[in-house]
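The basis for the numbers below is simple: all heavy atoms, side chains too, and nothing from hydrogens, waters or symmetry mates.
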2 protein chains.
Amino acid sequence: MTEEDHWAADRVLAEDAVMRATIIETVSPLFYARGFTAVGMDELRAVTGVSLKRLYRLFPSKEDIVEEVLLSWRGTWEANLRAQVESTQVPRERLLAVFDFLAGWFTSEGFRGCAFINSFGELGGISGRIPAIVRAQKKEFQEYLARVATASGAPETLAPQLAILAEGAVTTAAIAGSAESARQARAAAEILVDAALAPAASTLIAL
Amino acid sequence: MTEEDHWAADRVLAEDAVMRATIIETVSPLFYARGFTAVGMDELRAVTGVSLKRLYRLFPSKEDIVEEVLLSWRGTWEANLRAQVESTQVPRERLLAVFDFLAGWFTSEGFRGCAFINSFGELGGISGRIPAIVRAQKKEFQEYLARVATASGAPETLAPQLAILAEGAVTTAAIAGSAESARQARAAAEILVDAALAPAASTLIAL
DNA sequence: AGGACCCGGGAACGAGCGTTCTCCTCGGTT
DNA sequence: AACCGAGGAGAACGCTCGTTCCCGGGTCCT
């Protein structure tokens with residue numbers, strides 16, 4: 001194989017990569033809105049304009065597309081969350097920013113709950129890799145929250161509690177179709193955060 | 001139609017009702033373990049020993065079976081929850097009993113999250129009656145919690161917060177495969193309940 | 001210019017599903 | 001004893017879906 005062939009092959013691979021990315025970006029909203037099983041390969045072909053043959057050359061199977069969509073969601077979710085958290089430097093506000101982020105998300109067009117939880121409900125009963133990705137995303141979120149919390153000097157018990165509050169707010173908002181749970185969760189979080197950041201005062205009460 | 005015919009017809013209807021109940025009871029664990037779409041009618045026939053013909057005479061369609069299974073889950077869930085809550089008379093303990101109930105549930109064999117949330121993830125994208133049932137169950141839970149909370153003299157902001165905590169604990173436990181979230185949610189609930197039941201003290205802190 | 005290769009369109013295939021139909025057996029009635 | 005309707009077993013039907021195959025046209029190299 002000549003050097004030019006190497007270059008050409010690399011270029012093809014790069015083009016495939018960008019094509020894969022645009023496909024994932026295009027089909028993600030569909031999967032989010034209706035679920036994975038409800039969107040067929042032919043609909044993916046129609047919405048992307050990419051022939052089935054090419055789709056199957058770019059992705060070995062539909063499950064691989066689903067996986068990459070999940071990974072893409074993970075990336076955008078983390079980026080949006082980080083942006084909101086890092087918009088302030090006050091430790092207390094950084095922790096509560098999680099719930100402001102949720103409030104904005106819940107009121108956004110087409111909100112239908114956490115894609116990972118939905119995927120878990122849809123595919124958790126059957127095969128392997130999807131639940132693992134869901135688990136990884138939740139773990140990542142919890143660890144990020146733990147970093148923010150410990151940076152604020154909070155005890156390590158706080159972060160899991162806030163994570164549970166956030167998780168509950170998301171599913172409650174999705175099912176009830178209302179953004180109210182973000183406010184309610186934020187109010188609860190304020191109490192927990194204040195209790196955690198002022199341990200002396202609460203001890204005082206206990207006495 | 002003679003009077004005896006009336007009796008016979010009633011007896012048949014009654015037998016159908018009990019048969020329906022036993023079928024629902026038999027297939028519920030299957031649906032819970034693997035999801036609704038993953039369990040086919042033929043498997044229902046095999047596990048119940050009831051022929052397809054009779055199944056379709058007892059239930060107009062698979063969706064009707066799914067609906068009744070959801071309603072059955074609703075009943076057992078509420079009964080178990082009530083039993084745990086009413087095992088004590090101390091207002092504070094009654095509220096926290098919710099999370100003790102969760103802890104027991106999470107460690108039970110075959111726990112795989114909230115059947116309603118899973119169903120919502122599986123079938124929420126395609127319309128119909130199932131999401132409505134899920135919504136009704138969540139509303140019922142929140143209202144029950146609100147009754148317990150107000151009976152304890154807590155402000156009406158507490159119950160939604162506890163509901164969100166419980167919801168989050170369930171999905172966290174399901175995805176992480178651990179019962180830890182019940183303990184963590186209980187700890188958070190203690191703080192919220194104590195803050196709500198001792199408003200004077202927290203006001204004192206604020207000053 | 002000619003041929004080899006690539007690629008999109010879409011038909012085809014095989015599996016799985018919910019639902020219905022057919023055949024046969026069996027128990028009860030006249 | 002003969003008939004009749006109900007009910008079970010399971011094949012059949014129609015549909016959907018993931019995946020593959022075939023064909024026709026276009027493109028690039030020689």
Side-chain angles (χ1 to χ4, degrees), chain A residues 1-9 11-16 18-20 22-24 26-27 30-31 34-69 119 122-123 125-130, chain B residues 1-2 4-5 7-20 22-24 26-27 30-31 34-69 119 122-123 125-130:
Chain A
M1 185 186 273
T2 74
E3 209 162 339
E4 284 77 9
D5 286 343
H6 264 300
W7 293 346
R11 207 165 66 88
V12 167
L13 287 180
E15 280 169 5
D16 280 4
V18 51
M19 180 59 90
R20 288 222 304 245
T22 63
I23 288 172
I24 296 299
T26 307
V27 306
L30 252 98
F31 278 140
R34 311 220 310 271
F36 287 121
T37 57
V39 179
M41 289 299 294
D42 200 63
E43 195 169 353
L44 298 190
R45 179 197 55 79
V47 83
T48 59
V50 177
S51 73
L52 279 179
K53 193 175 191 176
R54 191 142 176 225
L55 279 177
Y56 272 96
R57 195 163 46 76
L58 293 170
F59 304 95
S61 76
K62 187 188 180 185
E63 193 177 357
D64 294 83
I65 302 180
V66 168
E67 277 186 49
E68 292 221 21
V69 167
S119 306
E122 186 179 2
L123 307 169
I126 26 193
S127 95
R129 292 173 295 183
I130 278 86
Chain B
M1 187 183 276
T2 74
E4 286 76 9
D5 286 343
W7 294 345
D10 288 353
R11 208 167 62 91
V12 167
L13 287 180
E15 281 170 4
D16 280 4
V18 53
M19 181 58 91
R20 288 223 302 245
T22 64
I23 288 173
I24 296 300
T26 307
V27 306
L30 253 100
F31 279 141
R34 311 222 310 270
F36 288 119
T37 57
V39 179
M41 289 298 294
D42 199 64
E43 194 169 353
L44 298 189
R45 178 199 54 79
V47 83
T48 59
V50 177
S51 73
L52 280 178
K53 194 176 191 175
R54 190 139 174 228
L55 278 176
Y56 272 95
R57 193 164 48 76
L58 293 170
F59 304 94
S61 74
K62 187 187 179 184
E63 193 177 358
D64 294 83
I65 303 180
V66 168
E67 276 185 52
E68 292 221 21
V69 167
S119 306
E122 187 179 1
L123 306 168
I126 29 194
S127 85
R129 296 167 293 182
I130 277 84

Distances for protein N/O vs nucleotides 21-28 of chain C N/O pairs under 3.5 angstrom?
none

Practice item. Would you indicate whether the side-chain heavy atoms of A:Asp64 and A:Glu68 approach each other to under 4.5 Å? Key: no

Exercise for review: May I have the step-by-step check of side chain to side chain contact (heavy atoms under 4.5 Å, CB included) for B:Ile24 and B:Ile65, ending in yes or no?
Suggested key: CA-CA 7 Å; B:Ile24 296 300; B:Ile65 303 180; 4.1 Å; yes

Exercise for review: Side-chain contact test, heavy atoms from C-beta onward, threshold under 4.5 Å: evaluate it for A:Met41 versus A:Tyr56 and give yes or no.
Suggested key: yes

Revision key, fill the gap. Within residues 35-46 of chain B, those residues having any heavy atom closer than 4.0 Å to DNA chain D are none

Review point. Of all nucleotides in DNA chain D with an atom under 4.0 Å from a non-hydrogen atom of chain A, which is the first and which the last going 5' to 3'?
Key: D:dG18 to D:dC22

Study note, to complete from the structure: side-chain hydrogen bond (donor to acceptor under 3.5 Å, both in side chains) filter on B:Glu67, not counting sequence neighbours, yields B:Arg129

Review point. B:Phe59: what forms a ring-ring contact (aromatic ring centres under 6.0 Å, His included) with it, not counting sequence neighbours?
Key: none

Check your understanding: Rounded to the nearest 0.5 Å, what separation is found between the CD1 atom of A:Ile23 and the CG atom of A:Leu55?
Key -> 5.0 Å

Point to revise | B:Val69 side chain reached by B:Phe36 side chain, heavy atoms, under 4.5 Å | key: yes

Practice item. Determine which pairs satisfy side chain to side chain donor-acceptor pair (under 3.5 Å) with at least one residue from residues 35-44 of chain B, sequence neighbours left out, and list them in order. Key: B:Arg34-B:Glu43, B:Thr37-B:Glu122, B:Asp42-B:Arg45

Practice item. Measure the CG-CG distance between B:Leu30 and B:Leu44 for me, rounded to the nearest 0.5 Å. Key: 7.0 Å

Practice item. Output yes when at least one side-chain N/O atom of A:Arg54 is less than 4.0 Å from OP1 or OP2 of C:dC7, else no. Key: no

